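Here is the structure we will look at.
Below, read A as the first sequence line, B as the second, and so on, with proteins coming before strands; counting in each chain starts at 1. Predicted model only: the values in this text are computed from it and were never measured.
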Amino acid sequence: MPLKVYNTLGSRREEFEPLDDSYVRMYVCGPTVYDHPHIGHAKSYVSFDAMVRYLRYLGYKVTYVQNITDVGHLTDDADEGEDKIAKRAARERVDPMELVEKYTRSYFEDMDALNCLRPDISPRASGHIPEQIEIVKTLLERGFAYEVNGSVYFDVSRFSAYGKLSGRKLDELAAGARVEVNPDKKHPADFALWKKAEKGHILRWNSPWGWGYPGWHLECSVMATRYLGETIDIHGGGLENAFPHHECEIAQSEAAHGKPFAKYWLHNNMVTVDGVKMGKSLGNFITLKDAFARHHPLCLRYFVLTSHYRSPLDFSEEAIDAAARGLQRIHNAVAAVRQALQGASEPQGGNDVERLREIERFRERFEEAMNEDFNTPQAIAVLSDLVRWTNQLLASGAPGAAALEKLKSAFDTLGADVLGIVTDTLVGQEAPGGLEGRLVDILIDMRAEARKAKDFKTADAIRERLEKVGVELMDTPEGTTWKRA
RNA sequence: GGCGGCGUAGCCAAGAGGACUAAGGCGACGGAUUGCAAAUCCGUUAUCCGCGGGUUCGAAUCCCGCCGCCGCCUCCA
């Protein structure tokens, strides 16, 4: 069964067929780095990360480009707007490029914690100003743009396909415009390709039209083309950017190159907090660093993947706690398999041939789920079924090494490689060594003595007091183990 | 005002005309196991998919109306 994806361009589910048989060119809009990343970034980039991982699992070679927006853009489309990066840099009293560097690092740090693979290329907008100037020149030459007072605007009336992504109509846009119409524009929907730098605007570059800076839609067109070509397979981004950002990207790129810009447009839905949209300008955003202080990053990742990327995700502490327990269950099973494998001497157990076939069935179900527009919630449901099956197997006797190997491999590919929710170090399994570990071991020994003497009062007291300081003891047939609660 | 989306058990969340007498997770309850716990296993927890009509042999899934919520139309993942 082939992979199907929901294409915003056309608003329907389509079979995925890249331009080249085995190669996928993928571009995803990256962050504007003027603050620490928040949980909205987690939803977006975890979703696209899972897609990249799955495409690679299917055997595609994927070049994944995700830009870093480090050129300040105006807070609105009128000329009054402030440059967010310059504004923040002034507030922190650092050079804009220093600010941008700081938050770029912060961004990668958090994405690494979420186990997102680094993009193959993370181009910065500020490093591609010459290319942006070039495309503006091309658009002027081809008659799709006009210059007014040192600024250049895209002439939307010359591009008849404008609106094909978002379904907007030009006359409706004019009528509903909330922003005061810029008198320099011929049409209210015309957008800036190049903006003249007003006095005091720090981030500026020289151009054929004087000192200025690029319009905010331009960088993605330019960097996608530079690294992936004039037509790419997948362009991803947040739903809120479908209009106007992506619509404008299409207009610029297709007007400049005369060919389709992207074959598939994939948009992830938004994060809400207590049912309300979380947005930078709303000031109600939760940074990932705050969230990580309360939840293991992998739990956040798992939480994101338990809902579909095109559904909104409502963030709440309770929901994440529930997700954390769900992930713990998976990790427990993976740990159990790894442990059983160490002790497995028989190459093959009694029913291993049938078991291998059953494990293969789980893999097929998993792929069926992912093939339906990257249905990670359903894929996780399959993984949960596999967890139950694994626990039953482990409890019911002696599986051979062959079955255990196959199970390990299933968790390693589906859980680790594709979903990225299983890692080498598992949540809640570590019993740290060092002085702390040796002290806990002493207490465990003392408790074992008490239990042996049927002094359960002492034994339970030790366990309860350890629990109060965050150490959880677990009695197993092989002895007592512990972990940080 | 225009455009788009959503409403499934206590909670989160799949399913998009017939394998649905509706996945999976969390929670709760009962049982097995355990000295007691934890982990694990077994069972129960939506006669029903916002409400009202309609189409169909058949609808959570399609159509119409209503109610509620959300997003976009201004920077945002």
Side-chain angles (χ1 to χ4, degrees), chain A residues 8 11 13 28-32 37-48 69 72-78 81-84 163 166-169 171-173 175-179 189 216 236-245 267-272 275-282 285 302-303 306-308 310-314 316 318-330 332-333 335-336 369 372 375-385 387-388 390-392 394-396 451 454 456 459-460 463-464 467 472-477 480-483 485:
Chain A
T8 309
S11 305
R13 214 178 261 212
V28 171
C29 286
T32 302
H38 56 245
I39 54 177
H41 292 103
K43 160 128 172 124
S44 183
Y45 300 121
V46 165
S47 298
F48 287 113
T69 297
H73 295 298
L74 301 185
T75 50
D76 67 46
D77 205 23
E82 290 175 286
D83 175 327
K84 285 176 295 188
S166 58
R168 313 281 158 141
K169 302 206 168 48
D171 41 345
E172 285 165 3
L173 283 171
R178 267 197 256 157
V179 179
W216 62 282
L239 191 58
E240 86 287 357
N241 275 336
F243 187 90
H245 186 52
H267 289 102
N268 70 281
N269 215 131
M270 316 305 286
V271 167
T272 55
V276 180
K277 184 204 172 185
M278 187 188 72
K280 284 188 179 174
S281 53
L282 296 173
F285 66 89
Y302 177 82
F303 175 63
T306 56
S307 89
H308 188 90
R310 287 196 298 111
S311 301
L313 179 68
D314 193 44
S316 69
E318 304 74 58
I320 295 174
D321 285 340
R325 287 185 209 105
L327 181 65
Q328 184 64 256
R329 183 178 151 79
I330 294 172
N332 286 347
E372 290 298 323
N375 194 331
T376 54
Q378 194 146 63
I380 286 174
V382 174
L383 210 58
S384 294
D385 285 341
V387 164
R388 168 164 289 113
T390 299
N391 287 330
Q392 285 170 340
L394 257 23
S396 74
R451 289 178 74 206
K454 304 273 185 215
F456 296 120
D460 290 348
R463 185 170 59 197
E464 278 155 28
E467 194 159 355
E472 191 181 348
L473 299 188
M474 287 135 329
D475 297 325
T476 73
T480 300
T481 61
W482 68 280
K483 65 177 183 181

(request) Kindly indicate whether the side chain of A:His308 and the base of B:rA13 share any N or O donor-acceptor pair separated by less than 3.5 Å? (result) no
Nucleotide [N], atom [atom2] - distance to [atom1] of [X] in whole Å:
X        : N      : atom1 : atom2 : result
A:Met270 : B:rC69 : CE    : C1'   : 16 Å
A:Trp482 : B:rA39 : CH2   : P     : 18 Å
A:Asp321 : B:rG10 : CG    : P     : 21 Å
A:Phe243 : B:rG2  : CZ    : P     : 17 Å
A:Ile380 : B:rG15 : CD1   : C1'   : 16 Å
A:Tyr45  : B:rA77 : OH    : C1'   : 5 Å
A:Gln328 : B:rC12 : CD    : P     : 23 Å
A:Ile330 : B:rG25 : CD1   : P     : 9 Å

Per [X] side chain, nearest of listed nucleotides [options]:
X        : options                : result
A:Gln378 : B:rC26, B:rG15, B:rC42 : B:rG15
A:Asn268 : B:rA77, B:rC41, B:rA37 : B:rA77
A:Tyr302 : B:rG25, B:rC72, B:rA77 : B:rG25
A:Asn241 : B:rA14, B:rC42, B:rA77 : B:rA77
A:Arg388 : B:rC41, B:rA77, B:rG15 : B:rC41
A:Asn332 : B:rA39, B:rA23, B:rC72 : B:rA39
A:Pro377 : B:rG15, B:rA14, B:rG35 : B:rA14
A:Arg329 : B:rG24, B:rA37, B:rC41 : B:rC41
A:Thr32  : B:rC36, B:rC26, B:rC76 : B:rC76
A:Ser307 : B:rC76, B:rA13, B:rC73 : B:rA13

(message) Using heavy-atom distances to pick each residue's nearest nucleotide on RNA chain B, tell me which of A:Leu327 and A:Asp314 is more 5'.
(response) A:Asp314
(request) Please tell me which of A:Phe456 and A:Ala395 maps to the more 5' nucleotide of RNA chain B, matching each residue to the nucleotide holding its nearest heavy atom. (result) A:Phe456
Hey, does [Y] have a side-chain heavy atom less than 4.5 Å from the side chain of [X]?
X        : Y        : result
A:Leu313 : A:Ser307 : yes
A:Phe285 : A:Ile39  : no
A:Trp216 : A:Pro244 : yes
A:Tyr45  : A:Pro31  : yes
A:Asn375 : A:His308 : yes

Using Watson-Crick or G-U wobble geometry with both distances under 3.5 Å, which nucleotide pairs with [N]?
N      : answer
B:rU34 : none
B:rG24 : B:rC12
B:rC29 : B:rG43
B:rC57 : B:rG18
B:rC66 : B:rG50

(request) Work out which heavy atom in A:Ala336 is nearest to a heavy atom in A:Leu394; give both atom names and the distance. (result) CB-CD2, 3.6 Å
(message) Between A:Asn375 and B:rG15, is there a contact of a side-chain N or O with OP1 or OP2 at under 4.0 Å?
(response) yes
(request) Answer yes or no: does a side-chain N or O of A:Arg325 lie under 4.0 Å from OP1 or OP2 of B:rG27? (result) yes
With rounding to whole Å, what would you report as the distance between [N] and [M] at their [atom1] atoms?
N      : M      : atom1 : answer
B:rA13 : B:rC73 : P     : 24 Å
B:rA23 : B:rA60 : P     : 14 Å
B:rC62 : B:rG17 : C1'   : 7 Å
B:rA59 : B:rG25 : P     : 29 Å
B:rC51 : B:rA9  : P     : 10 Å
B:rG4  : B:rC64 : P     : 12 Å
B:rG58 : B:rA38 : C1'   : 49 Å
B:rA22 : B:rC29 : C1'   : 22 Å

Sugar-phosphate, base or nothing in reach of [X], heavy atoms under 4.0 Å:
X        : answer
A:Ser311 : sugar-phosphate
A:Gly326 : sugar-phosphate
A:Asn391 : sugar-phosphate
A:Val382 : nothing
A:Glu318 : nothing
A:Ala322 : sugar-phosphate

(request) Determine the interplanar angle of the A:His38 and A:His41 rings, folded into 0 to 90°, and report it as parallel if under 30°, tilted if 30 to 60°, perpendicular if over 60°. (result) tilted
(request) Flag the pair A:Glu472 and A:Arg463 as a salt bridge only when some basic side-chain nitrogen lies within less than 4.0 angstrom of an acidic carboxylate oxygen. (result) no
(message) By the rule that syn is within 90° of 0, classify the base conformation of B:rA19 as syn or anti.
(response) syn
(message) Check for me whether A:Arg168 meets the cation-pi criterion with A:Phe243, that is, NZ or CZ under 6.0 Å from the six-membered ring centre and within 45 degrees of the ring axis.
(response) yes
